[in-house]
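What follows is a set of notes on a single structure, which appears directly below.
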Amino acid sequence: DTAVSQTPKYLVTQMGNDKSIKCEQNLGHDTMYWYKQDSKKFLKIMFSYNNKELIINETVPNRFSPKSPDKAHLNLHINSLELGDSAVYFCASSQDFGSGYGYTFGSGTRLTVV
Amino acid sequence: DAKTTQPTSMDCAEGRAANLPCNHSTISGNEYVYWYRQIHSQGPQYIIHGLKNNETNEMASLIITEDRKSSTLILPHATLRDTAVYYCIVRVVKAAGNKLTFGGGTRVLVKP
């Protein structure tokens with residue numbers, strides 16, 4: 001039973017399209033995150049939600065919009081996809097949004113924009 | 001946040017202990033040391049964390065020097081499945097939300 005699950009695992013799409021990535025966690029955690037890992041393998045946080053409330057919003061283009069319908073789900077919608085959006089996107093969750101331990105990550109969504 | 005310095009890569013022999021160093025000479029008193037790892041094509045995995053005392057769990061041990069300027073993650077009996085990138089992160093606990101930031105990490109290759 002996967003703790004943090006993301007769908008789809010792979011996503012290939014054309015420039016200009018709109019796409020969504022879904023994330024669900026069954027750990028009962030209060031906080032969820034979206035991270036982006038680029039071609040240089042650096043992981044950067046994009047967003048964080050705590051109990052459905054946005055608490056971290058890094059310098060991310062407005063084309064990226066997270067949505068949390070409940071605390072077990074955090075989806076990422078991307079409008080007008082660009083080549084530079086190609087990356088692996090990881091969803092994560094943690095029980096305590098104040099600490100840095102015990103993050104559980106999903107297996108990632110590899111987005112390729114052509 | 002304190003900056004961390006880790007070797008870019010290291011090899012270790014299967015069955016032997018793997019000692020992964022991390023330098024965080026500018027760490028402040030309220031900053032914790034966290035270790036995560038990322039196995040190829042997977043999401044990062046939490047390993048262990050500590051403030052000033054040494055810590056041990058089922059995965060690893062964390063040794064923090066008395067001045068807290070450096071730490072070592074010890075994998076007691078490395079297996080091939082421990083091949084991964086290991087990240088040492090120093091971060092203060094913040095009530096407003098914690099941005100766990102991953103640097104370059106150490107690429108560890110466990111060899112048979």
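We use all heavy atoms of the structure for the numbers below, so side chains are in, but hydrogens, waters and symmetry mates are not. Not measured: the values here are computed from a predicted model. Residue numbers start from 1 in every chain, and the chains themselves are labelled A, B, ... in the order their sequence lines are given, proteins ahead of strands.
Proximity to chain B is absent for every atom of A/Gln6, based on heavy atoms less than 4.5 angstrom apart.
Checking B/Tyr87, B/Tyr86, B/Phe102 one by one against B/Tyr36, the ring pair (Phe, Tyr, Trp, His ring centres under 6.0 Å) holds for a single residue, B/Phe102.
When each of B/Gly43, B/Pro44, B/Gly103 is scored by its heavy-atom pairs under 4.5 Å with chain A, the top score falls to B/Pro44. Ranking A/Ala92, A/Gly102, A/Gly108 against chain B, the residue ahead of the rest is A/Gly102, based on heavy-atom pairs under 4.5 Å.
Between the side chains of A/His77 and A/Ser20, at least one donor N or O sits under 3.5 Å from an acceptor N or O.
A heavy-atom distance below 4.5 Å is not found between the side chains of A/His29 and A/Lys71.
A/Asp85 has a carboxylate O that lies under 4.0 Å from a charged side-chain N of A/Arg63, or vice versa, which qualifies the two as a salt bridge.
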